[in-house]
Structures are given as structure tokens and as C-alpha cells.
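Worksheet: one structure, shown below.
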Amino acid sequence: MTDILMPALSPTMEEGTLAKWLVKAGDTVKSGDIIAEIETDKATMEVEAVDEGVVDSILVPEGTEGVKVNAPIARLRDEGEVKSAPPTPAPASSAAPAAPAAPVMTGPEAPAPETPAASPPVTAAPPETAKVAADGKRIAVSPLARRIAQMKGLDLATIKGSGPHGRVIRRDVDGVAAVPAVRDPEQPQAAAPRAPAEFTPLEKLGVPAGSYDLVPLDGIRKTMARRLTDSFRDIPHFPLSMDLVIDDLLAARVKINALLAPRGIKVSVNDLIIKAAAVALKQVPAANASFTPAGIAMHHNADIAVAVAIDGGLITPIVRAAETKGVAAIAVEMKDLAARARERKLKPQEFQGGTFSISNLGMFGIRSFSSIINEPQGAILSVGVGEKRPVVVDDALAIATVMSVTLTCDHRVIDGVIGSQFLQAFKALIEDPIAMIV
């Protein structure tokens with residue numbers, strides 16, 4: 001028998017809702033079959049089987065909330081294996097605890113190690129992957145077997161596969177002893193898990209009992225609260241603000257949209273800001289960086305995470321390698337990402353792992369603000385409203401459309417000079433949009 005465990009579908013996930021089963025006891029499944037839908041703290045995701053067998057029993061009914069990562073949710077048996085006695089479902093609280101999530105501002109947004117499990121969980125993965133042995137021959141291996149081999153430190157080239165066409169499957173690696181790990185003394189040890197913050201009940205702070213309604217926290221709010229607290233507490237951050245004249249940007253947008261109208265594409269000011277930020281990060285690469293205990297990670301591409309409001313909080317879908325894309329492509333991609341974000345249909349790779357964040361509250365009339373850093377990114381740009389303001393031009397008073405932006409920097413990575421250089425580059429691109437394409 002093999003227990004199917006509640007998978008960690010994202011680094012932020014500690015528990016989830018088993019929204020729907022797509023199989024039932026007695027069904028035969030094979031690698032790649034979709035077996036369930038699970039609601040995480042950020043999205044509703046389909047789960048694929050990574051091994052074959054017969055569903056012996058369903059341990060957690062669909063619709064169950066608060067199922068801990070690594071808790072058994074179903075049981076799989078090999079074909080021909082005798083059916084087990086009816087199981088007693090384990091309470092969610094008895095599940096192995098999930099690893100602490102890496103802190104982020106309001107959305108996911110950063111990669112973290114997968115939660116270790118007593119037995120690797122069934123998670124979304126391709127039906128089959130291949131390894132290459134030292135002699136150049138390809139090794140067919142199921143994703144689950146590959147993960148178990150990695151956890152045990154096994155060389156797949158030394159294991160004979162018993163699956164179809166010699167594929168290495170779970171049973172081939174289960175019986176092989178793990179190779180003891182040797183830690184490099186020069187490698188930094190993983191940081192100790194952060195202890196949860198103490199919280200004083202409102203009644204002890206003088207708020208009368210019964211004088212308020214308590215709205216339960218959903219997964220998104222819990223994650224936001226924890227990550228915002230961790231980020232604000234642990235990152236030495238500081239803001240840099242600048243005013244930008246955007247009349248030429250607005251005029252360029254009108255021309256761009258006139259050209260794109262036959263294609264049904266409409267570029268927003270935010271799309272132009274994404275492009276300008278990406279180009280500025282390539283011009284000032286020191287600003288496109290993340291702090292790690294081993295050193296400063298200098299990112300190759302400008303992967304721009306953009307804050308999008310959804311029911312219950314925020315999420316930051318990512319425009320990958322935005323410096324390589326035109327504003328029309330960025331507009332189409334952002335429209336799709338934002339729509340699927342609001343439906344909680346984003347895949348983890350679409351909202352995790354950005355290198356820089358943008359949060360725009362200009363549409364709400366906010367003139368200026370500073371955001372909390374989306375760890376492990378080195379900075380986040382807060383964008384305010386574009387509005388008519390008096391300015392001095394050639395020693396004379398004039399009126400221009402001005403937009404205020406604030407760059408919040410992780411001082412361990414981006415000091416005042418680097419942050420200022422980025423803002424100067426960004427300002428030049430916004431105030432002369434033609435510079436984005438030359």
C-alpha cells in the first residue's frame with residue numbers, strides 16, 4: 001500500500017482545502033492522471049498522479065478544509081494487491097507539520113525548498129522524466145522515484161527499473177538504503193525556523209468582548225500576515241522617492257494604442273512602467289539582486305512581479321524576462337495573468353521567483369506610499385497617481401502631469417547610491433519613452 005499525501009503545491013503552503021476528488025475507491029490510475037483539485041493559499045490547482053495503481057480508499061473527503069501538508073489523503077495499492085480494511089481517517093492535526101514558508105510581502109513570490117515528507121507526496125508533475133547516465137544513455141524514471149532518489153542521494157544509473165520499458169519507479173528505489181549526506185563545513189547552515197509572533201487578545205488591550213465581529217482568516221490572509229511581519233521585521237529597508245513628469249509617456253501611450261487597436265490590444269500606463277523598470281534593471285544590474293547568506297544573487301533577467309488585488313488579499317504574478325518583451329506582449333501577458341490570478345488559477349511558477357516588484361495604487365488616487373519588500377527580492381517600486389501639478393520649467397512656473405514613485409530597498413543588497421541610480425535610469429525612460437526601445 002502507498003499513502004497519497006497532501007502535497008505542498010507551493011513553498012508557502014502549510015495546509016489546504018481538498019476541494020474535489022476526481023477519482024474514487026476502485027479506480028485505476030496511471031502516471032499523469034488528474035486525481036484531485038486542491039485549494040492552496042493562492043490558487044486552485046489540479047493534482048496529478050505520479051505512480052500507477054488502484055485507489056484503495058479515500059481518507060479525506062472532498063470539501064475538507066485545513067488539511068495539513070503531508071497528511072495522508074488517500075491510499076493506493078498495486079494491481080492484484082489485496083484491498084485493505086476500511087481506514088480510520090487521521091485528523092488533520094496529526095499530520096506532519098509543514099516547513100515554514102519563506103517570507104514574502106503580499107504574494108508569493110519567492111522560491112523555497114520543498115517540504116520534506118515521510119513519504120514523498122503526490123504532486124503535479126510531468127508523467128515521466130529522463131535522466132542521463134555517465135555513459136550517455138537515457139534513464140527513464142517516474143517523477144516520484146526521482147524525488148525519492150534525490151532525497152536518499154541515490155545514483156539512478158545503478159538502479160534497475162521494473163516499470164514499463166525499464167522505467168525506474170517507486171518500488172525500485174524504496175528498498176535501497178539512503179546514502180548518508182556529508183555537509184560541507186564551509187557551506188552556511190539553513191536558518192532556524194522563525195518563531196510565530198505573540199499576539200495579545202483584544203480584550204486584554206481594553207476592547208470589550210462582544211463589541212466586534214470576528215471574520216476568520218483564510219489561507220491568503222494568514223500567509224500575508226506572517227510574511228509581511230517577517231519581511232518588515234527582518235529586512236533592513238529604506239525608501240527613496242522621486243517625482244516623474246509623464247506627459248510624454250501618456251502621449252506615447254495614445255499613439256501605441258492607436259497602432260494596436262486593429263489587434264484588439266490596449267496598453268496601460270502600468271504596462272509601460274513594467275517595461276521601463278525592466279530596462280532600468282538591465283541598465284543598473286546591481287539593483288536586480290537578492291541577498292543570500294552565501295552572497296548576493298545577481299539575476300540574469302528582470303522578472304517583474306506585479307501586485308494584483310484578489311478576494312482576500314494580493315498576489316504578484318510575474319512577467320518573466322520583461323526586458324526582452326515589447327509593451328504589446330507585456331499588455332497581453334498581464335491581462336491574462338491578472339484574470340487568472342483573480343480566479344486563483346495561476347500556477348506556482350507564475351507567481352513565485354520574481355526579481356523585482358511593482359505595486360501601483362495610482363488608480364485609487366494615492367499620491368505616494370512605500371511598500372514592504374517582497375522577500376527575497378531586493379526592492380519594490382511603489383507607484384502613485386499621475387496628476388496635474390505646478391512645476392518649474394526654465395525658471396518659469398508651468399503645469400505638468402507628475403507621478404510620484406518610491407523605491408523600497410533591502411539595504412543589504414541595494415544601498416542609497418544603487419537605488420538612486422536605478423531611479424535615475426527609470427526616470428529617464430519614463431520621461432522619454434522612446435529610450436525604452438533603443
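FYI, the numbering just counts along the sequence from 1. What you are looking at is a predicted structure, and each value in this text was computed from that prediction instead of being measured. Any value given below was found using the heavy atoms of this structure, including those in side chains, with hydrogens, waters and symmetry copies removed.
Across all their heavy atoms, A329 and K325 have their closest contact at CB-CB, 4.3 Å. Nearest heavy-atom pair, I418 versus A287, reported as atom, atom and distance to 0.1 Å: CG2-N, 3.8 Å. For L346 against A341, the heavy-atom pair with the smallest separation is CD1-CB, 3.6 Å. Nearest approach of S211 to P208, heavy atoms of both residues: OG-O, 2.6 Å.
Judged by distance alone, the side chain of T64 and the main-chain N or O of V60 form no donor-acceptor pair under 3.5 Å. Counting only distance, with no hydrogens or angles, the side chain of R412 and the backbone of I235 share no donor-acceptor pair below 3.5 Å. Between the side chain of E62 and the backbone N or O of A19, no donor-acceptor pair lies under 3.5 Å. Panel note: side chain D33, backbone I35; no donor-acceptor pair is recorded below 3.5 Å. When atom types are taken as modelled, the side chain of S231 and the backbone of I373 share a donor-acceptor pair closer than 3.5 angstrom. Between the side chain of D155 and the backbone N or O of A157, at least one donor-acceptor pair lies under 3.5 Å. Side chain of D3 to backbone of R75: no donor-acceptor contact under 3.5 angstrom is found.
Between I380 and I372 there is no side-chain heavy-atom pair separated by less than 4.5 Å. Here the side chains of V269 and L250 are in contact, with some heavy-atom distance below 4.5 Å. V29 is listed as a side-chain neighbour of V23, based on a closest heavy-atom distance under 4.5 Å. Between I4 and P72 there is no side-chain heavy-atom pair separated by less than 4.5 Å. Between V319 and K275, the closest side-chain pair of non-hydrogen atoms is not below 4.5 Å. Contact annotation: the side chain of V267 approaches that of L260 to within less than 4.5 Å [non-hydrogen atoms, C-beta and beyond]. Two residues are said to be in side-chain contact when any heavy atoms from C-beta on lie closer than 4.5 Å; L423 and L240 meet this criterion. Looking at heavy atoms from C-beta onward, F232 lies in side-chain contact with H237 at the 4.5 angstrom threshold.
In the model, S368 has no side-chain atom that pairs as donor or acceptor with a side-chain atom of T406 under 3.5 Å. Side-chain contact of S357 with Q377: a donor-acceptor pair under 3.5 Å is present, judged by distance alone. Counting only N and O atoms by type, the side chains of R389 and S404 include a donor and acceptor under 3.5 Å apart.
Here salt bridge (Lys or Arg N to Asp or Glu O under 4.0 Å) pairs that include residues 262-272, with residues two or more places apart or in two chains, number zero. Applying the salt bridge (Lys or Arg N to Asp or Glu O under 4.0 Å) rule to pairs touching residues 420-438 yields K427-E431, sequence neighbours excluded. Applying the ring-ring contact (aromatic ring centres under 6.0 Å, His included) rule to pairs touching residues 252-275 yields nothing, sequence neighbours excluded.
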Would K388 and D247 count as a salt bridge (charged side-chain N to carboxylate O under 4.0 Å, His left out) if you check the C-alpha gap in whole Å, the side-chain angles of each, and the deciding distance to 0.1 Å?
CA-CA 10 Å; K388 297 291 185 181; D247 291 290; 3.8 Å; yes

Output, in order, the C-alpha distance, side-chain angles, deciding distance and verdict of side-chain contact (heavy atoms from CB on, under 4.5 Å) for I358 and I274.
CA-CA 8 Å; I358 293 174; I274 293 169; 4.1 Å; yes

Where do K68 and E15 land on the salt bridge (charged side-chain N to carboxylate O under 4.0 Å, His left out) test, with the steps shown first?
CA-CA 4 Å; K68 298 293 185 182; E15 61 182 32; 3.0 Å; yes

Let's go through S382 and S371 carefully: what are the C-alpha distance in whole Å and the side-chain angles of both, what is the deciding distance for side chain to side chain donor-acceptor pair (under 3.5 Å) to 0.1 Å, and is it a yes or a no?
CA-CA 6 Å; S382 307; S371 301; 2.7 Å; yes

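For the atom pair I246 CD1 and R253 CZ, the distance stands at 10.0 Å (nearest 0.5 Å). Taking CD1 of I73 as the reference point, atom CD1 of I58 lies at 8.0 Å (rounded to 0.5 Å). If you take CZ on F369 and CG on N360, they are separated by 6.5 Å, rounding to the nearest 0.5 Å. We find the CE-OG1 distance between M403 and T401 to be 10.5 Å, quoted to the nearest 0.5 Å. In this structure, CD1 in I34 is found 11.0 Å from NZ in K20, a value given to the nearest 0.5 Å. For the atom pair CZ (F426) and CE (M242), the distance works out to 10.5 Å, reported to the nearest 0.5 Å.
Among residues two or more places apart in sequence or in another chain, the side-chain contact (heavy atoms from CB on, under 4.5 Å) test is passed with A428 by none. Scanning for side-chain contact (heavy atoms from CB on, under 4.5 Å) contacts around R342 gives V308, I310, A338, with sequence neighbours left out.
Using a 4.0 Å cut-off between a side-chain N of Lys or Arg and a carboxylate O of Asp or Glu, E350 and R320 do not qualify as a salt bridge. Taking 4.0 Å as the cut-off between side-chain N and carboxylate O, D336 and R340 count as a salt-bridged pair.
Taking the six-membered ring for Trp, F356 and F422 have ring centres closer than 6.0 Å.
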Can you list, pair by pair, the side-chain donor-acceptor contacts under 3.5 Å of residues 294-307, counting residues two or more places apart and other chains?
unit_1 : atom_1 : unit_2 : atom_2 : d
H299   : NE2    : S290   : OG     : 2.7
N301   : ND2    : E323   : OE2    : 2.8
D303   : OD1    : A321   : N      : 2.7

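The local environment of CZ in F238 is crowded, with over 12 non-hydrogen atoms from other residues, nucleotides or ligands closer than 6.0 Å. Under a cut-off of 6.0 angstrom, the local environment of CG in L205 is crowded, with over 12 non-hydrogen atoms contributed by other residues, nucleotides or ligands.
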